[in-house]
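One structure below.
Sequence lines set the chain letters: A, B, ... in the order given, protein chains first and strands last, and positions in each chain run from 1.
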2 protein chains.
Amino acid sequence: MLIDKNSPIPQYFQFQTWLVDQIEQGIFKPNDKIPTEDEFMQMSGLARSTIRQAIQNLVVQGYLTRKRRLGTFVTIPPSVSGRSNIIGILVHDIRSGYAPEFLRGAGDEASKNHYSIILSNTDDLFSRAEFHTNRLIDHGVKGIIFMPTAASVEKNSQLLERFRRRSIPVVTVDRIIPGVKVDSITTDNFFGAYELTSHLIQEGHTRIAITLSTRVSSEMQRLEGYKKALSDHNIPIDSTLIITNQERFIETHYLQYAKFILSQREKFTAIVAGSDRIAYIIYTVADEMGIRIPEDISMVGYDDLVLHNTHPLALTTVHQPIYEMGQEAMKILLDRIDGKDFELKNIVLQSKLIVRGSVLPPGKST
Amino acid sequence: MLIDKNSPIPQYFQFQTWLVDQIEQGIFKPNDKIPTEDEFMQMSGLARSTIRQAIQNLVVQGYLTRKRRLGTFVTIPPSVSGRSNIIGILVHDIRSGYAPEFLRGAGDEASKNHYSIILSNTDDLFSRAEFHTNRLIDHGVKGIIFMPTAASVEKNSQLLERFRRRSIPVVTVDRIIPGVKVDSITTDNFFGAYELTSHLIQEGHTRIAITLSTRVSSEMQRLEGYKKALSDHNIPIDSTLIITNQERFIETHYLQYAKFILSQREKFTAIVAGSDRIAYIIYTVADEMGIRIPEDISMVGYDDLVLHNTHPLALTTVHQPIYEMGQEAMKILLDRIDGKDFELKNIVLQSKLIVRGSVLPPGKST
DNA sequence: TTTATATAATTGTACGTACAATTAAATAAT
DNA sequence: ATTATTTAATTGTACGTACAATTATATAAA
């Protein structure tokens, strides 16, 4: 490095130019720590403030980042698509109780890292997911958080493939796409349902109905947890008590299911509902039919939504760490964007059984 | 200008913030010459290098340009020319029951016109709104849908001023900022509350309590509607029945309010709750206290949230066309972006009284 | 009147000193 | 083994001095 004190070119600029050259030529590589201000002073003979001036300029220009006590580092060159710093989030139903909490978690984490989020609501329809996919790519998003739609594995992977071709990192959340290698975050649906069901069994129930949608992996896993709990307790699985459907959530349909299920009330003493929302629908229908919950039939839900905590039925349910799921998904995605080359992550967050008052031992009808 | 030498906030930053404020508030206007470094030194008592540091930052940020010997000038904000097709939406609480529905309405309308939305959640905090404001501008959004935070009129208008300076159209929704000329969409909070209250009066109630937050215009208007209904029916307004607070929604606080309100149950026969959510909180607390709703006390809510429709209390409430509000806000905004030069629009969408079962004539206690 | 030159105002460059804040790593305490 | 405390390295903030470069305006020279 040679600084010409007599040149009309300012010395800070000479130094700055030299430093950029070092970076451009790869002598200082991305993530490298460059010499400290003190070292540069000795190397160049310039004053610290002059060195600082040059370095500050390069920080502004995006070549360097600095951390107190740690030093100054060469930044990773932003990927081709400009410096948009936008993450796309495809949610399958913004009206579902947990979408807001998830978005809050993901949004807070994004903000912390100076990213913004583009929100795309798919209404759980593949066609809309496909539409938004194209738009997100057009906008040059840096990464995608994807809640798979209730479509086939093939169709969901087709969307992922589009991102993969453009090297846009993706993290799938809530549901997984079986067999597809992609970072994912889910909650432990299997164990959550296992605990729920075991709880019912411990309270003395053996004839336990379950209702859920088989279209999405999360609810499939809950079904498996339910089955495992039964077989672990040597209770035969009665397939007539497993009331599944293939549809996305439509309220009126679930009113029908609820009626259908309750019409067979003599076959079971407890119900595992696919979600809190469904549990409350069943409760409402039961009430109309003169069936009391939990006195006549015990019931458990899944989700533990805050918005429902004023309901007089204190529902025993499973709490899912939704905010944390949003946070964690964003963290992993940003790490990927930063090029951190860890192995595939399939994180399963712990859920927690919340025992309230919607379960009583069977036959305690008053 | 006051610089606090003992503040943990760096002095250069205090000065820089002050200077930005002057510009944002229009005290220093575009093309104005601002004071010289020397003058600022005398004004602030800071060293020249400190002043320079602040000014340099603002040059980088695009607020100022400097010319040797001539001085420092406020720049004319560049008109956004990017081809981003992104709309920023600042929501004040994504967890509130109606945010998802609003986002769906706005999102669907945006999609239809090939726009995407960047979602920014402010948690009703001005500081976060300010932060996101800058980010949205950086992203080159074409327009903004803004739910004003529960901050002062001055602070909210300050945010609007930033957009105005850059000719970014804004539509405010849900709440209005009094005295500020900006397109807005609200629902008819006044008439909604008027109808609610009138309904209670028609059922025979005269002593009607109301609880809401006075921090936001929407709830202030509801209070006015309540008052008007009373005076139109020649019922004196009892200020002890108006239980207001200045806080943003925090659940535990509202549990306190509910207890406080219900402790005075002999003073009234009906309650107008600020929202459905608050109504259900009151219901829960009432239940614990052995007070039956509607048998002992009638109650009405506000919002008509779908997620609550499984609650056994069939709440008489006011339905707000939230989806339509989102749609309409987006339509107006896109028109503005397309340069349609209509006059200022302050649209008020009709709300609708939904009579369910939470109101009984007073004194019908069984 | 025109042209060259000096003047003064203002920002730009460069040096230097001193202490504060942050935080990874080392050390001590439990 | 864990937790709390200290330390030391590095950048951050703030002060200050001195002189250079730029350039509109005033002044002097042609």
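- At C:dG12, one or more side-chain N or O atoms of B:R66 fall inside 4.0 Å of OP1 or OP2 (strictly under the cut-off).
- Atom CZ of B:F13 sits in a sparse spot, with 12 or fewer heavy atoms from other residues, nucleotides or ligands closer than 6.0 Å.
- For A:Q11 and C:dC15, the shortest distance from a side-chain N or O to OP1 or OP2 is below 4.0 Å.
- Rounded to a whole Å, the CD atom of B:Q16 is 10 Å from the P atom of D:dT13.
- The distance from atom CD1 of B:I51 to atom C1' of C:dT10 is 15 Å, rounded to the nearest whole Å.
- For B:T36 and C:dA9, the shortest distance from a side-chain N or O to OP1 or OP2 is not below 4.0 Å.
- We find that CD1 of B:I55 is positioned 11 Å from C1' of C:dT10, with the value rounded to whole Å.
- Straight-line distance from the CZ atom of B:R69 to the C1' atom of C:dG12: 15 Å, rounded to whole Å.
- In this structure, the CZ atom of A:F73 is 11 Å from the C1' atom of D:dT11, given to the nearest Å.
- In this structure the side chain of A:I86 never reaches within 4.5 angstrom of the side chain of A:K142, judged on heavy atoms.
- B:F40 places its CZ atom 9 Å from the P atom of C:dT11, with the value rounded to the nearest Å.
- Comparing B:E37 and A:R68 by the nucleotide of DNA chain C that holds the closest heavy atom to each, the one mapping nearer the 5' end is B:E37.
- B:T50 has no side-chain polar atom (N or O) that falls below the 4.0 Å cut-off from OP1 or OP2 of D:dT13.
- When heavy atoms are screened at a 4.0 angstrom cut-off, A:S49 is found touching base atoms of the nucleic acid.
- Rounded to whole Å, atom C1' of D:dA20 lies 13 Å from atom CG of A:N6.
- Residues B:F163 and B:F146 place their aromatic rings such that the two centres sit no closer than 6.0 Å.
- The phosphate of D:dG12 (OP1 or OP2) has a side-chain N or O of A:R52 nearer than 4.0 angstrom.
- Looking at heavy-atom distances under 4.0 Å, B:Y12 makes contact with sugar-phosphate atoms alone, never a base.
- Place A:D38 and A:P8 on DNA chain D by their nearest nucleotides, and A:D38 ends up nearer the 5' end.
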Taking it one step at a time, do B:R128 and B:D123 satisfy salt bridge (Lys or Arg N to Asp or Glu O under 4.0 Å)?
CA-CA 7 Å; B:R128 295 193 52 152; B:D123 277 339; 3.6 Å; yes

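- The base of C:dG12 sits within donor-acceptor range of the side chain of B:R48, with an N or O pair under 3.5 Å.
- Cation-pi check for A:R222 over A:Y302 is met; the charged atom lies under 6.0 angstrom from the ring centroid and within 45 degrees of its normal.
- Residues A:Q14 and A:K67 both approach DNA chain C. Their nearest nucleotides, taken by heavy-atom distance, put A:Q14 toward the 5′ side.
- Nearest-nucleotide assignment on DNA chain D puts the 5′-proximal partner with A:K33, out of B:M41 and A:K33.
- Each of D:dG12, D:dT13, D:dA9 was ranked by its minimum atom distance to the side chain of A:Q56; first place goes to D:dG12.
- Nearest to the side-chain atoms of B:K5 among the listed nucleotides C:dA18, D:dC15, C:dC15 stands D:dC15.
- The number of heavy atoms from other shown groups lying within 6.0 Å of NZ (B:K33) is above 12.
- Nucleotide C:dA14 holds its P atom 11 Å from the CD1 atom of A:I9, rounded to whole Å.
- Comparing D:dT10, C:dG12, C:dT13 by their nearest atom to the side chain of A:Q53 picks out C:dT13.
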